[in-house]
Amino acid sequence: ALLPYVPRVPAVALLGKVTATTFALERPCCIFDRHANASDAVWLAVAFANASATFRNPPSRADVPPYKQLPTAHSYMTLETAVAEFSCSAPSPAVLRVGGETACRDQGRHDPCNGPLPSSGPYRVKFLLMGCHGPKAETRWSDPIVLRRGISGSAIPP
């Protein structure tokens, strides 16, 4: 099922909302409740904006594209979370940080990583509800998200 929710960077002022390697997302609440069982998990799919149209939902957890494939596959999935964390009654934090784990170099296939994003993007993201028999529901893709770019030291006025 395609849900009407569109992931987005929070509109409020938030320290580090967008950095050179990470961005914050509003945590969706109540959108999976009608589609989910307690054993289901919600994943975040991250793709370069120009690769989001060709992204295919994995048929099972074993087929989830890992972070280390981002440079070649142009997408990966991360932030596997119990569906209860997204329920209407969940007292969860209001934001999720994409790209926040720095120790991702040698992650195995069954250890999804939320590693730093390698370029300014743009990126698009969507949430995907996965059950034991594969995908059950998904949100729309976000609008493109562009990360901050550093400026060279010589461009900084003294």
Criterion side chain to side chain contact (heavy atoms under 4.5 Å, CB included) on Leu129 and Phe86, from CA distance to verdict: CA-CA 11 Å; Leu129 177 67; Phe86 295 91; over 6 Å; no
Side-chain (Thr78) to main-chain (Cys113) donor-acceptor, under 3.5 angstrom: yes
Atom of Val83, atom of Ala36 and distance for their closest heavy-atom approach: CG2-CB, 3.5 Å
Exam field: side chain Arg148 to backbone Val18, donor-acceptor pair closer than 3.5 Å: yes
Contacts under 3.5 angstrom, residues 38-50 side chains, donor-acceptor by atom type, not counting sequence neighbours:
{"from": "Asp40", "atom 1": "OD2", "to": "Asn37", "atom 2": "N", "distance (Å)": "2.8"}
{"from": "Asp40", "atom 1": "OD2", "to": "Lys136", "atom 2": "NZ", "distance (Å)": "2.6"}

Closest non-hydrogen atom pair, Pro118 against Leu70: CD-CD2, 3.5 Å
Heavy-atom pair with the smallest gap, counting every atom of Val64 and Met77: CG1-CB, 3.5 Å
Glu138 and Leu2, any side-chain heavy atoms less than 4.5 Å apart: yes
Side-chain donor or acceptor of Ser142 paired with backbone N/O of Pro7 under 3.5 Å: no
Heavy-atom check, side chain of Ser75 versus side chain of Ser52, under 4.5 Å: no
Donor-acceptor pair, side chain of Tyr76 and main chain of Pro71, under 3.5 angstrom: no
Nearest heavy-atom neighbours spanning Pro116 and Tyr67: O-OH, 2.7 Å
Reported CD1-to-CZ distance for the pair Ile145 and Phe23, which is rounded to 0.5 angstrom: 4.0 Å
Nearest non-hydrogen partners of Thr22 and Gly99, listed with the distance: CG2-O, 3.2 Å
Distance in Å, Asn57 CG paired with Leu128 CG, rounded so as to fall on 0.5 Å steps: 4.5 Å
Verdict with supporting geometry, Arg124 and Phe55, side chain to side chain contact (heavy atoms under 4.5 Å, CB included): CA-CA 11 Å; Arg124 296 179 80 186; Phe55 179 87; over 6 Å; no
Cys88/Cys29 under disulfide bond (SG atoms under 2.5 Å apart): CA gap, chis, key distance, verdict: CA-CA 5 Å; Cys88 297; Cys29 287; over 6 Å; no
Taking every non-hydrogen atom, the tightest pair across Met130 and Arg61: CE-N, 3.8 Å
Side chain to side chain contact (heavy atoms under 4.5 Å, CB included) between Leu96 and Asn114, intermediate numbers included: CA-CA 11 Å; Leu96 301 167; Asn114 181 22; over 6 Å; no
